[in-house]
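Note that this is a predicted model, so its numbers are computed, not measured.
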Amino acid sequence: MVITSRDKVTAATPLTSLRPSGLMLSGILCSLLTLTACAPNNTDQDKTADTELDARAQTLEQLAGVPYKTLLTFDPQEVKQGGDTGITITTSESYSKPSSNIPASRKGDFFIGNAFFRQPWVVAPASTDSRDGLGPLFNVAACQSCHIKDGRGHAPMSAEDDADSLLIRLAMPATTSEQQQQLQNSLVEKIPHAVYGGQLQDRGIQGVAAEARVQVKWTPVPVKFADGHVETLRRPTYTLSNPGYGDFDPELMVSPRIALPMIGLGLLEQIPEADIKRQADAKDKDGNGVTGKYNWVLDPQTGKTALGRFGWKAGQTRLLTQNQSAFNEDMGLTSRIRPIESCTKNQPDCLKAPTGADEQGDGGPPVEVSNDVAKFVEFYTRNLAVPHRRNADDPVVLAGKKQFYDMGCIQCHTPRYKLPTTDDDRLEQHGQIIYPYTDMLLHDMGDDLADRTIAGKLPPKSAQVEFLANSFEWRTPALWGIGLAQTVDAQATFLHDGRARTPMEAVLWHGGEAEQQKQQVLKLDKKGREALNDFLLSL
């Protein structure tokens with residue numbers, strides 16, 4: 001947004017008088033750090049704009065439980081983004097502390113889960129039988145290797161980088177009517193590659209060849225703002241070299257993904273399903289050119305379809321399934337929910353490798369991640385606290401917040417939710433008021449951010465790669481804690497493949513539904529960019 005003399009914002013300007021027009025709210029950018037621009041004040045447009053604003057404002061008020069103007073201005077409650085679970089630490093440990101309201105009687109479970117999250121697993125057989133069974137094919141030996149200090153990962157810095165905190169997901173297009181029907185009904189996650197499966201494992205234990213080596217090449221992409229300022233982006237080109245089990249099919253769809261931060265996941269798990277669904281607009285009923293849909297996925301534990309919440313494409317329903325899927329695909333570990341090794345029938349050495357599986361006493365097959373370990377890790381990932389905001393009442397931050405609202409960012413990054421009080425074990429999350437800035441929905445972010453085939457081509461949009469999600473669609477990530485991402489890990493990067501080194505770089509990669517809004521972002525002057533950046537860094 002360009003602030004003109006007519007609507008110039010000063011520290012003395014009451015932000016409640018700067019309520020955005022509907023057209024300001026009608027635009028949308030729905031991946032990490034989205035921005036849209038204000039529409040001109042034409043009388044005919046204003047009538048439509050007011051209607052659109054009222055509809056969106058009403059939805060936000062219903063979700064938040066407070067008047068819209070309270071959301072727009074400084075809200076002291078918003079300082080506690082994670083509600084009573086939040087913490088005030090602003091160091092490299094900002095993502096690694098337990099919920100501040102966790103009872104002393106439950107802290108032991110948190111720290112036991114922390115130990116299993118941080119310490120590496122080893123190859124079986126080993127004397128440490130509670131932590132053996134790594135592989136045969138795997139990416140890392142510990143959860144912490146991807147989620148560095150419980151934070152986000154980063155893209156490989158060079159061709160020699162080991163890419164520990166980045167994964168490559170794989171999928172094939174459906175070629176039969178049966179496969180198409182299974183995908184459309186969410187009966188399967190994807191069509192895996194017959195040899196390489198659904199995720200590339202770039203390491204193997206002794207005697208088992210790794211599937212391939214991940215390499216990246218960076219190409220500079222300069223982008224110029226209207227005032228002459230230039231941001232130099234970097235475009236990644238990922239290649240898979242040294243294939244261990246034969247050539248890749250040219251139509252294989254390849255999706256690089258960095259690890260997401262671990263904070264606040266237990267809170268996101270408790271957002272009411274109805275609140276997420278009511279924000280969906282998959283058929284663009286309001287006619288603004290912007291859609292949002294929820295992923296409907298198969299829960300591997302219950303065998304039933306349910307709302308997807310976690311992962312870059314919202315392909316996991318709950319933390320328990322998310323964790324055990326990561327154990328299986330990232331570390332080659334079996335569990336009660338994922339009891340089969342991550343080998344395909346075309347990888348005989350993998351299938352014959354030793355296992356660390358033990359009986360669980362429940363009549364099921366032996367597994368490597370015990371039921372107790374799974375519960376401790378679930379409790380740990382549910383209770384990593386969200387840091388409180390900093391400088392939330394600063395005039396520049398508030399000016400940036402007004403831009404964020406005026407430009408329509410809240411169309412995807414829904415600010416506030418009130419969580420229910422449930423009758424289960426989630427005591428810390430009960431009834432919390434949270435400010436995650438996400439709608440938890442999938443959005444088409446355009447060609448630049450879409451995954452490619454191994455041959456470098458764009459897949460058809462009809463090709464599903466993770467239940468209902470295609471290669472162009474990404475779940476809106478939560479923004480809470482983003483201002484401390486590079487305090488936790490100086491190498492942390494943004495967007496699904498880590499190409500963005502700063503929030504503004506992330507903005508400038510947006511396209512598709514957001515192309516028109518991105519062009520408006522390029523009209524921001526230095527003061528406008530700084531205000532918006534300060535707001536984001538305050539989260």
Side-chain angles (χ1 to χ4, degrees), residues 63-66 70-71 73-107 109-111 113-114 117 147-152 260-272 275 309-310 319 378-394 397-398 400-401 404 410 413-422 425-440 476-489 492 534-539:
L63 294 172
V66 297
T70 301
L71 293 173
T73 56
F74 171 61
D75 178 5
Q77 191 168 34
E78 188 178 354
V79 173
K80 298 169 67 174
Q81 299 179 100
D84 292 334
T85 69
I87 57 171
T88 58
I89 297 172
T90 57
T91 68
S92 62
E93 299 298 314
S94 294
Y95 288 0
S96 299
K97 300 300 181 182
S99 303
S100 62
N101 62 345
I102 193 170
S105 60
R106 290 160 65 88
K107 283 188 177 180
D109 290 352
F110 177 88
F111 291 113
N114 179 30
F117 193 87
H147 303 278
I148 302 164
K149 294 185 177 179
D150 302 293
R152 65 182 64 240
L260 284 157
M262 300 298 297
I263 56 173
L265 299 184
L267 298 168
L268 296 179
E269 189 175 38
Q270 290 301 98
I271 296 175
D275 287 353
R309 293 174 183 262
F310 298 111
L319 284 175
E378 180 191 19
F379 189 79
Y380 174 72
T381 57
R382 187 196 302 161
N383 279 293
L384 282 162
V386 178
H388 291 339
R389 287 186 60 190
R390 287 87 40 218
N391 307 315
D393 59 350
D394 181 90
V397 170
L398 289 173
K401 181 180 182 180
F404 189 87
I410 53 172
H413 292 286
T414 303
R416 169 173 159 152
Y417 297 89
K418 189 177 189 307
L419 304 186
T421 298
T422 60
D425 187 42
R426 293 165 171 79
L427 300 177
E428 293 77 18
Q429 292 78 38
H430 280 185
Q432 296 300 321
I433 294 173
I434 62 172
Y435 292 78
Y437 283 89
T438 174
D439 62 4
M440 304 286 282
T476 307
L479 298 184
W480 53 14
I482 197 170
L484 293 171
Q486 291 176 335
T487 298
V488 171
D489 177 18
D534 283 0
F535 166 67
L536 294 169
L537 294 182
S538 78
L539 296 178

**OP:** Check S92, S96, S94 against V488 for a side chain to side chain contact (heavy atoms under 4.5 Å, CB included) and give me the one that passes.
**Re:** S94
Subject >> Step-by-step side chain to side chain contact (heavy atoms under 4.5 Å, CB included) determination, R426 to E269 >> reply: CA-CA 10 Å; R426 293 165 171 79; E269 189 175 38; 3.6 Å; yes
Subject >> Any F379 side-chain heavy atom under 4.5 Å of F110 side chain >> reply: yes
Original post:
Does H147 reach the main-chain N or O of P261 with its side chain, forming a donor-acceptor pair under 3.5 Å?
Top reply: no
**OP:** With sequence neighbours excluded, give me every salt bridge (charged side-chain N to carboxylate O under 4.0 Å, His left out) pair touching residues 83-92.
**Re:** K80-D84
**OP:** Flag the pair L419 / I434 as yes when at least one side-chain heavy-atom distance between them is below 4.5 Å, and no otherwise.
**Re:** yes
Subject >> Minimum heavy-atom distance L484-P387, with the two atoms named >> reply: CD1-CB, 3.6 Å
Subject >> Whether F404 and F535 hold their rings parallel, tilted or perpendicular, with breakpoints at 30° and 60° >> reply: tilted
Original post:
Which side chain to side chain donor-acceptor pair (under 3.5 Å) pairs, counting each pair once, include a residue from residues 380-390, with sequence neighbours left out?
Top reply: E78-R389, S99-N383, N114-Y380, D150-Y380, N323-T381, N383-Q429, R389-S538
**OP:** Drop me the distance from D393's CG to D75's CG, to the nearest 0.5 angstrom.
**Re:** 12.0 Å
**OP:** Evaluate salt bridge (charged side-chain N to carboxylate O under 4.0 Å, His left out) for K418 paired with D275, printing each intermediate quantity in order.
**Re:** CA-CA 10 Å; K418 189 177 189 307; D275 287 353; over 6 Å; no
Original post:
Given side chains that start at C-beta, do those of I433 and Q77 come closer than 4.5 Å, heavy atoms only?
Top reply: yes
Original post:
Side-chain contact, heavy-atom cut-off 4.5 Å: L71 with R416?
Top reply: yes
Original post:
Under 3.5 Å, side chain of K107 to main-chain N/O of P98, donor-acceptor pair present?
Top reply: no
Original post:
Are side-chain heavy atoms of L260 and F310 found at a separation under 4.5 Å?
Top reply: no
**OP:** Please check if the distance between the ring centroids of Y435 and Y417 is under 6.0 Å.
**Re:** no
Original post:
Backbone N or O of D394 within a donor-acceptor pair of the N391 side chain at under 3.5 Å?
Top reply: no
Original post:
Less than 4.5 Å apart, any side-chain heavy atom of L319 and any of R309?
Top reply: no
Original post:
Which atom names give the shortest non-hydrogen contact between V79 and A392, and what distance separates them?
Top reply: CG2-CB, 4.0 Å
Original post:
Where the side chain of T476 meets the backbone of T438, is there a donor-acceptor pair that is under 3.5 Å apart?
Top reply: no
Original post:
Are the side chain of Q81 and the backbone N or O of V386 linked by a donor-acceptor pair below 3.5 Å?
Top reply: no
**OP:** Verify the distance criterion only: is there a donor paired with an acceptor across the side chains of H430 and T422 at less than 3.5 Å?
**Re:** yes
Original post:
Side chains of F117 and L384: does their closest heavy-atom pair fall under 4.5 Å?
Top reply: no
**OP:** Could you grab the distance from atom CG of L539 to atom NZ of K401, nearest 0.5 Å is fine?
**Re:** 9.5 Å
Original post:
Side chains of H413 and D439: does their closest heavy-atom pair fall under 4.5 Å?
Top reply: no
Subject >> Side chain Q486, main chain A492, donor-acceptor under 3.5 Å >> reply: yes
